[in-house]
Number of protein chains: 2
Amino acid sequence: MAPADTKQTILDAAEELLAEQGYAATSLRQLTARAGVNLAAVHYHFGGKEALAKAVLARRIAPINAERLRRLAALPAGNRDTAAIVRAFVEPPLRAGAGGGASPGARLCRVFGRVMVEQPPFLRAFLARQFRGVARRFEAALADALPGLDRAATWWRLHFVIGAMAHTLQNSEALSHLTGGACDAGDVDALIEHLVAFATGGLRAPTARRRRRPA
Amino acid sequence: MAPADTKQTILDAAEELLAEQGYAATSLRQLTARAGVNLAAVHYHFGGKEALAKAVLARRIAPINAERLRRLAALPAGNRDTAAIVRAFVEPPLRAGAGGGASPGARLCRVFGRVMVEQPPFLRAFLARQFRGVARRFEAALADALPGLDRAATWWRLHFVIGAMAHTLQNSEALSHLTGGACDAGDVDALIEHLVAFATGGLRAPTARRRRRPA
DNA sequence: GTCTATATAGCGATAGAC
DNA sequence: GTCTATCGCTATATAGAC
């Protein structure tokens with residue numbers, strides 16, 4: 001096997017297993033067995049398990065976030081179209097790796113949803129650094145498009161959109177099964193339209209007045 | 001230590017660690033050290049690590065789902081108040097264990113959000129069984145309240161609400177930090193109002209027409 | 001019911017031959 | 001760059017004394 005291939009093979013297998021099982025539950029032995037490479041190759045090429053996980057994430061996150069910012073910047077100045085902002089935010093990760101639009105791509109990008117919720121301690125700072133700038137820019141764009149919303153509400157709602165997206169990246173196949181196929185996890189286009197419609201409606205919702213605490 | 005106390009102590013420590021680290025990353029040694037009990041006591045009282053995890057989850061999920069169904073049943077017949085349905089769904093888990101409403105309770109119920117996304121293989125069937133009935137009843141209630149929505153859209157949107165809730169259970173402290181305290185994860189009342197307003201707006205949003213695939 | 005001691009297995013990581 | 005062999009450690013689980 002050519003040297004460059006080994007590194008890519010390890011990255012691909014790691015991405016697959018991280019998406020399926022998460023970081024803690026995936027062992028390097030299982031990974032190298034599936035990839036058909038030697039155990040020591042992981043340490044030679046990446047330095048260890050933690051560094052490998054960061055490499056897997058960086059390979060996907062960087063282009064996704066670049067694409068998000070590119071789409072956000074392409075919106076007209078003074079944009080008030082909330083749906084367009086949502087679309088710029090959720091479409092790049094949902095389409096990541098989905099070259100064919102079918103399930104193999106869906107599996108590839110699930111690692112994204114997985115690590116967003118697992119967050120092993122050593123990844124927390126790494127992930128926060130990767131996403132903080134993008135979150136700030138989208139929050140600002142949403143605040144401009146929705147001037148009636150105070151900042152706390154804007155942040156909370158962006159947080160909810162991220163949650164809906166992450167949960168979908170992670171669990172949409174279970175929903176396909178539960179609904180007997182009525183919700184098709186492989187239909188990325190339909191999924192995106194459903195999510196954009198829902199998120200836009202949620203972001204535009206009137207702010208609730210504070211309720212009294214129930215007794 | 002009295003016998004009954006040992007079992008409870010183990011459950012409490014397990015819940016805490018599962019919430020913080022997840023299933024795979026938590027070892028029985030770490031758990032028993034924190035609980036101040038012997039390693040063998042876990043196997044004596046529960047039979048093993050997997051059975052312990054199921055016991056931790058069942059202790060919280062059963063009363064939460066019972067309370068959800070109780071609140072749903074308490075709504076008037078022919079109910080069209082989407083917000084009331086959402087509230088019946090999200091308030092029990094968000095308030096679970098939050099006796100004081102402060103952060104210790106928030107920590108207790110995070111295990112809920114954690115396992116909803118981690119899903120070790122042996123828990124998948126267990127969790128599906130715990131939640132399937134509740135999900136079906138709430139989907140039916142939403143379909144009644146929102147007759148303009150087709151079934152696939154109703155299921156997708158319920159799925160998004162679950163995602164927003166799970167992500168919040170799991171990560172709201174990170175949001176507190178990111179916003180410099182403007183979003184206070186310890187303020188359960190405010191959180192619930194934000195989530196209910198967002199989810200209701202998302203559920204009521206007009207269904208998107210199908211877009212053409214981008215080139 | 002609680003403890004010590006241990007069985008059995010798997011882990012990440014590394015040294016050193018090739 | 002790739003391999004074998006292994007170190008040092010931790011994991012879950014259990015046997016058996018008390």
Side-chain angles (χ1 to χ4, degrees), chain A residues 1-59 111 114-115 118-124 126, chain B residues 1-59 111 114-115 118-124 126:
Chain A
M1 186 179 290
D5 283 354
T6 297
K7 210 168 170 178
Q8 282 301 314
T9 304
I10 292 171
L11 278 174
D12 292 339
E15 180 171 78
E16 199 173 314
L17 287 171
L18 285 177
E20 290 173 12
Q21 306 176 334
Y23 177 80
T26 298
S27 77
L28 293 183
R29 291 179 147 81
Q30 177 190 24
L31 193 162
T32 52
R34 181 184 290 210
V37 303
N38 191 275
L39 173 61
V42 174
H43 296 89
Y44 177 81
H45 286 288
F46 296 96
K49 189 183 177 183
E50 295 193 359
L52 171 60
K54 288 183 187 175
V56 169
L57 295 175
R59 180 174 70 150
V111 68
R114 169 70 74 163
V115 300
E118 189 186 24
Q119 304 213 95
F122 76 96
L123 279 181
R124 292 194 71 100
F126 175 79
Chain B
M1 186 178 290
D5 283 354
T6 297
K7 210 168 168 176
Q8 283 300 313
T9 304
I10 292 172
L11 278 174
D12 291 340
E15 180 171 78
E16 199 173 315
L17 287 171
L18 286 178
E20 290 172 11
Q21 306 177 334
Y23 176 80
T26 299
S27 75
L28 293 183
R29 294 178 136 81
Q30 177 189 24
L31 194 161
T32 52
R34 181 183 293 209
V37 304
N38 190 275
L39 173 61
V42 174
H43 296 88
Y44 177 81
H45 286 288
F46 297 96
K49 188 182 178 183
E50 294 193 359
L52 171 60
K54 288 183 186 175
V56 169
L57 295 175
R59 182 174 68 150
V111 68
R114 168 70 74 163
V115 299
E118 190 185 24
Q119 305 212 100
F122 76 95
L123 279 180
R124 292 195 71 101
F126 176 79

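Each chain gets a letter, A, B and so on, in the order its sequence line appears, and its residues count up from 1.
The CD atom of B:Q30 lies 12.5 Å from the CG atom of B:L39; values are rounded to the nearest 0.5 Å.
Rounded to whole Å, atom C1' of C:dG12 lies 13 Å from atom CG of A:L31. Atom NZ of A:K49 is separated from atom P of C:dT14 by 15 Å (rounded to the nearest Å). To the nearest angstrom, P of C:dG12 lies 12 Å from CG of A:L17. Separating the CG atom of A:L28 from the P atom of D:dT6 is a distance of 20 Å, rounded to the nearest angstrom. At whole-Å resolution of the value, CZ in A:F122 and C1' in C:dG12 are 13 Å apart. Distance A:D5 CG to D:dG1 C1': 13 Å, rounded to the nearest Å. To the nearest angstrom, C1' of D:dT2 lies 16 Å from NZ of A:K7. One atom, CZ of A:F46, and another, P of C:dT14, lie 16 Å apart when rounded to the nearest Å.
Counting heavy-atom neighbours within 6.0 Å of B:R124 CZ, excluding the residue itself, gives a total of 12 or less.
We find that B:D12 and B:R34 are not joined by a salt bridge, their nearest charged nitrogen and carboxylate oxygen being 4.0 Å or further apart.
The side chain to side chain donor-acceptor pair (under 3.5 Å) check on A:E50 picks up nothing, with sequence neighbours excluded.
Between the side chain of A:K7 and the main chain of A:F46, no donor-acceptor pair closer than 3.5 Å is present. At distances below 3.5 Å, not a single donor-acceptor pair connects side-chain atoms of B:K49 with backbone N or O atoms of B:H43.
Checking C:dT2, D:dT14, C:dT14 against every side-chain atom of A:H43, the shortest atom distance belongs to C:dT14.
Contact check, B:T6 against C:dT2: a side-chain N or O comes under 4.0 Å of OP1 or OP2.
The two residues B:L52 and B:A14 come nearest to each other via the heavy atoms CD2-CB, 4.0 Å.
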Measure all distances between protein nitrogen or oxygen atoms and nitrogen or oxygen atoms of nucleotides 4-10 of chain C, and list the pairs falling under 3.5 Å.
from	atom 1	to	atom 2	distance (Å)
C:dT4	OP2	B:N38	ND2	3.3

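If you find the closest nucleotide of DNA chain D to A:Y44 and to B:T26, the one lying nearer the 5' end belongs to A:Y44.
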